[in-house]
Undergrad: 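Here it is, the structure in full.
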Amino acid sequence: SGYEILQLAALGDFLNFTYKTIEPPDGQWGKAGENGTWTGLIGHSLYGQTNWSMGMLSLTEDREAVIDFSTPFYFDGLSFVAPLPKELPKYLAIIKPFVGQVWIFVIIFVIFSGPVYWLVLNASEKKAGRISDEKLSETVLYCLALVFRNTTKDRLFIPKENSTKIFLGSWFLFCFVISAGYTGNLISFMTYPGKESSINTAEDILASGHVIDSFDYGGVDYIAFEATENPFYQEIWKQRSPVFSFKPSMERVIEGGTVFIDFFSSLVPNVKAKYTSGRGEAKVHVGKTPFFGLMNALACQPGAIFKEILDESLLLVLSFGFPQKWEEMAIAELKGSSQSKPEKAEYKSSERALNLENMQGAFFLWMLGMLAAMLAFSLEVCAPKKRKMGKAKTIAIADIEGKSKYQEK
C-alpha cells in the first residue's frame, strides 16, 4: 500500500501491463559498497533483477551515473519530528507581560522618580520662598505607590508650583499606562503562559540535547550525510542512533527527549494518519527546515526500452493532478490500518477561570516577601540591645517626671 503502489496501479491500467513486486534481500534502498557494487533497490535494477525499482528513491549524482531514472514525480527530503514544545512555567507569568527592555526602563524610572520629584519639589519651593516639609523617603514611597495605583487622600501630595504639578502629572500618566498594560497582559499570561520555542533546525536539535533516532535506509541518507560539509549535519550524523522500526521511535518522540529523522514522504502521511488527535492537533512537531531537498523517481534498468513511454505517462498523470489524490488515499489507508481508535473531538472553551495553577506566580512572589520579612525580623532580633535599653530608660524617666525629653526640648 502507499503512494507509489497507487501510482503503479494507475500506470498499469493506463499502459495495460501487469506487474509483480519483490523486495531486495538486504532490505536497503541502495548505496555503493567499497568494491563498487550497489545494494538494495538500485542494485536490483542495475543488475537486471527488476525492470524498475520504486520506493521513494531519490536522485543523487552517484546513482544517476549508474542507473536511468524516470521523470521525477515527488519532491522529498530528509526531515525530522520532535516533541511538541512544552508550556512555559506559569509562575513566570508575573514577568511575562513586559519584555526585558521594558522592565529595565520601568525599574530605572521607578528608582529615580522619587529622588527626582523630591529635588524638583524642594527647588521649586525654595524659589518660592518656602521650605518643603516632605522627606525624601516619603516622596520615594509615594511615587512607588502610584505605580501600584495605591494612594490615599491624606497622603495625596498637592504641589503648589507648576513645575512640580507637571512632573507629578506626567508621573501619574506614566503609572496609569504601565499599570494598565501590565494588568491586561498579566491576565492573558496567567491563563496561557505560552510555549517553548519549537525545534525547527539542525542547530535547534543539537541545542536541545535530545537523543537522535534516524531510520536506517542504507541509501541516500548515508550518501547525503556523509557528503555534507555542514558542521551541524555532520554532528547530527555522529550522534544519531540507527533504528529499523518506525512506531517505537515515534512513541519516544511523543514521550519527549527524542528527535526522529526520516523522509518527509514517510513522516507527514504517518503524522496525519496516526499521530493526530480528533481535534486535528498533531502529537509531534514536524521540523520546518528539511536537511536535504531531494527529488524522487523510478530507477529503471540502464537502456530500458520502456523508459520513454514511462516518462510520458508520468508527466501526463502529474498534469492531471493525480499525485495529490494518491497522497490523500495513502493517508486514508494508513488511518484505516491504525489500531488505535481516533479520539473524539471535544469543544474547548477559550474562557477559563483563574485557578491555583494560574495564580502560582502570585503565591511564589508572596513567599519571597515572607522570606524577606523573616530575614528583616532576624536582623532586628540580632541587633545590639543598647539602643532599646536607652529607649526604655527614657520612657521610665518620662513616667516619673511626667514629661519626656522630647517635650522638654
Side-chain angles (χ1 to χ4, degrees), residues 1-11 21 23-24 27-31 40-42 44-45 52-60 63-64 67 69-82 200 202 212-225 228 233 236 240 242-250 253 259-276 282-300 310 314-315 317-318 321-338:
S1 63
Y3 176 95
E4 283 190 294
I5 293 297
L6 294 170
Q7 178 180 263
L8 177 62
L11 288 172
T21 60
E23 294 183 5
Q28 295 188 346
W29 270 248
K31 63 177 181 177
L41 294 170
I42 298 296
H44 258 213
S45 292
W52 75 67
S53 294
M54 64 183 192
M56 291 298 178
L57 288 169
S58 301
L59 280 74
T60 66
R63 287 177 174 178
E64 287 189 285
I67 206 81
F69 278 102
S70 69
T71 297
F73 56 82
Y74 193 92
F75 179 78
D76 203 358
L78 278 166
S79 189
F80 63 91
V81 289
N200 285 313
I212 303 171
D213 283 356
S214 175
F215 200 98
D216 194 329
Y217 287 96
V220 73
D221 48 341
Y222 280 81
I223 296 170
F225 273 107
T228 184
Y233 292 0
I236 285 174
R240 83 21 173 140
V243 296
F244 301 91
S245 183
F246 188 90
K247 187 176 179 180
S249 291
M250 290 296 288
V253 173
V259 171
F260 179 39
I261 298 174
D262 200 346
F263 281 95
F264 194 78
S265 56
S266 174
L267 289 173
V268 172
N270 274 283
V271 169
K272 288 181 178 179
K274 299 180 180 180
Y275 301 98
T276 299
K283 298 178 182 178
V284 295
H285 173 73
V286 181
K288 297 188 182 301
T289 309
F291 298 113
F292 307 100
L294 303 165
M295 294 299 296
N296 293 343
L298 304 176
C300 304
L310 181 64
L314 283 171
L315 287 172
V317 298
L318 286 172
F322 282 110
Q324 185 177 358
K325 179 183 177 182
W326 292 332
E327 192 168 2
E328 292 172 356
M329 291 172 67
I331 292 172
E333 284 182 11
L334 285 171
K335 283 183 177 179
S337 65
S338 177

Undergrad: For Leu310 versus Ser70, what's the shortest heavy-atom pair and its separation?
TA: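 That would be CD2-CB, 4.4 Å.
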
Undergrad: When you look at NZ of Lys272, are more than 12 heavy atoms from neighbouring residues, nucleotides or ligands closer to it than 6.0 Å?
TA: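 12 or below, so no.
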
Undergrad: Determine, step by step, whether Phe292 and Phe225 satisfy the ring-ring contact (aromatic ring centres under 6.0 Å, His included) criterion, reporting the C-alpha distance in whole Å, the side-chain angles of both residues, the deciding distance to 0.1 Å, and the verdict.
TA: CA-CA 9 Å; Phe292 307 100; Phe225 273 107; 5.1 Å; yes

Undergrad: So Gln7 and Leu314, do their side chains get closer than 4.5 Å, heavy atoms only?
TA: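 A side-chain contact exists here, since the closest heavy-atom pair is under 4.5 Å.
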
Undergrad: Taking the six-membered ring of Tyr222, is the NZ or CZ of Arg240 close enough (under 6.0 Å from the centre) and on axis enough (within 45°)?
TA: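 Yes - Arg240 lies over the ring of Tyr222, closer than 6.0 Å to its centre and within 45° of its axis.
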
Undergrad: Go through Ile42 and Trp29 one step at a time and tell me if the side chain to side chain contact (heavy atoms under 4.5 Å, CB included) criterion holds.
TA: CA-CA 7 Å; Ile42 298 296; Trp29 270 248; over 6 Å; no

Undergrad: Looking only at heavy atoms, which two atoms of Ser53 and Leu41 are closest? And how far apart?
TA: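 Taking every non-hydrogen atom into account, OG-O, 2.8 Å.
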
Undergrad: Give the minimum heavy-atom separation between Cys300 and Ile67, together with the two atoms involved.
TA: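 Heavy atoms only, the tightest pair is O-CG1, 3.2 Å.
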
Undergrad: Could you tell me whether Lys283 sits above the aromatic face of Tyr275, with NZ or CZ closer than 6.0 angstrom to the six-membered ring centre and within 45 degrees of the axis?
TA: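 Lys283 over Tyr275 ring: no.
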
Undergrad: Tell me if a side-chain donor or acceptor on Glu4 pairs with a main-chain N or O of Gly55 at a distance below 3.5 Å.
TA: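 Between the backbone of Gly55 and the side chain of Glu4 there is a qualifying donor-acceptor contact (under 3.5 Å).
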
Undergrad: Starting from the C-alpha separation in whole Å, work towards a yes-or-no answer on side chain to side chain contact (heavy atoms under 4.5 Å, CB included) for Val271 and Met250.
TA: CA-CA 9 Å; Val271 169; Met250 290 296 288; 4.0 Å; yes

Undergrad: Has Thr276 got a side-chain atom pairing as donor or acceptor with Ala282's backbone, closer than 3.5 angstrom?
TA: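 Judged by distance alone, no pair lies under 3.5 Å.
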
Undergrad: Would Leu294 and Phe75 count as a side chain to side chain contact (heavy atoms under 4.5 Å, CB included) if you check the C-alpha gap in whole Å, the side-chain angles of each, and the deciding distance to 0.1 Å?
TA: CA-CA 6 Å; Leu294 303 165; Phe75 179 78; over 6 Å; no

Undergrad: Which heavy atom in Met295 sits nearest to a heavy atom in Pro72, and how many Å separate them?
TA: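 Scanning both residues, the minimum pair turns out to be CE-CB, 3.7 Å.
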
Undergrad: Do Phe291 and Ser79 touch side chain to side chain, with heavy atoms closer than 4.5 Å?
TA: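 Of all side-chain heavy-atom pairs linking Ser79 with Phe291, none is under 4.5 Å.
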
Undergrad: Is the closest side-chain heavy-atom distance between Ile212 and Phe260 below 4.5 Å?
TA: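 Answer no - side chains too far apart.
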
Undergrad: Just how far is it from atom NZ of Lys274 to atom CZ of Phe246, taken to the nearest 0.5 Å?
TA: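 The distance works out to 7.5 Å.
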
Undergrad: Taking all atoms of both residues into account, what is the closest heavy-atom pair of Val243 and Asp213, and its distance?
TA: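 That would be CG1-CG, 3.8 Å.
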
Undergrad: Step by step, work out the side chain to side chain contact (heavy atoms under 4.5 Å, CB included) result for Ser58 and Arg63.
TA: CA-CA 9 Å; Ser58 301; Arg63 287 177 174 178; 4.3 Å; yes

Undergrad: For a 4.5 angstrom cut-off between non-hydrogen side-chain atoms, does Tyr74 reach Leu318?
TA: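 No - every pair of side-chain heavy atoms lies 4.5 Å or more apart.
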
Undergrad: What's the spacing between Leu298 CG and Thr71 OG1 if we round to 0.5 Å?
TA: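 Answer for the CG-OG1 pair, Leu298 versus Thr71, is 9.0 Å.
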
Undergrad: What I'd like to find out is whether the side chain of Val284 reaches to under 4.5 Å of the side chain of Leu267, using heavy atoms alone.
TA: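 Val284 does not reach Leu267 side chain to side chain.
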
Undergrad: Could you check if a side-chain atom of Leu315 sits within less than 4.5 angstrom of a side-chain atom of Phe73, using non-hydrogen atoms only?
TA: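 Side-chain contact under 4.5 Å: no.
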
Undergrad: Ignoring hydrogens and angles, state whether a donor on the side chain of Ser265 or Asp76 is under 3.5 Å from an acceptor on the partner side chain.
TA: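 Distance-only check passes for Ser265 and Asp76.
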
Undergrad: If I compare all heavy atoms of Leu78 with all of Asp221, which pair ends up nearest, and what's the gap?
TA: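 Leu78 and Asp221 have their closest heavy atoms at CD1-CA, 3.8 Å.
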
Undergrad: Is any side-chain heavy atom of Val81 closer than 4.5 Å to one of Val259?
TA: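 No, their side chains stay 4.5 Å or more apart.
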
Undergrad: Side chains of His285 and Asn200: does their closest heavy-atom pair fall under 4.5 Å?
TA: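 Yes, their side chains come closer than 4.5 Å.
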
Undergrad: Under 6.0 Å between ring centres, would you say that holds for Phe215 and Phe263?
TA: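 No - the distance between ring centres of Phe215 and Phe263 does not fall below the 6.0 Å cut-off.
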
Undergrad: Looking at NE2 of His44 and CD of Glu23, how far apart are the two atoms once the value is rounded to the nearest 0.5 Å?
TA: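 The distance works out to 10.0 Å.
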
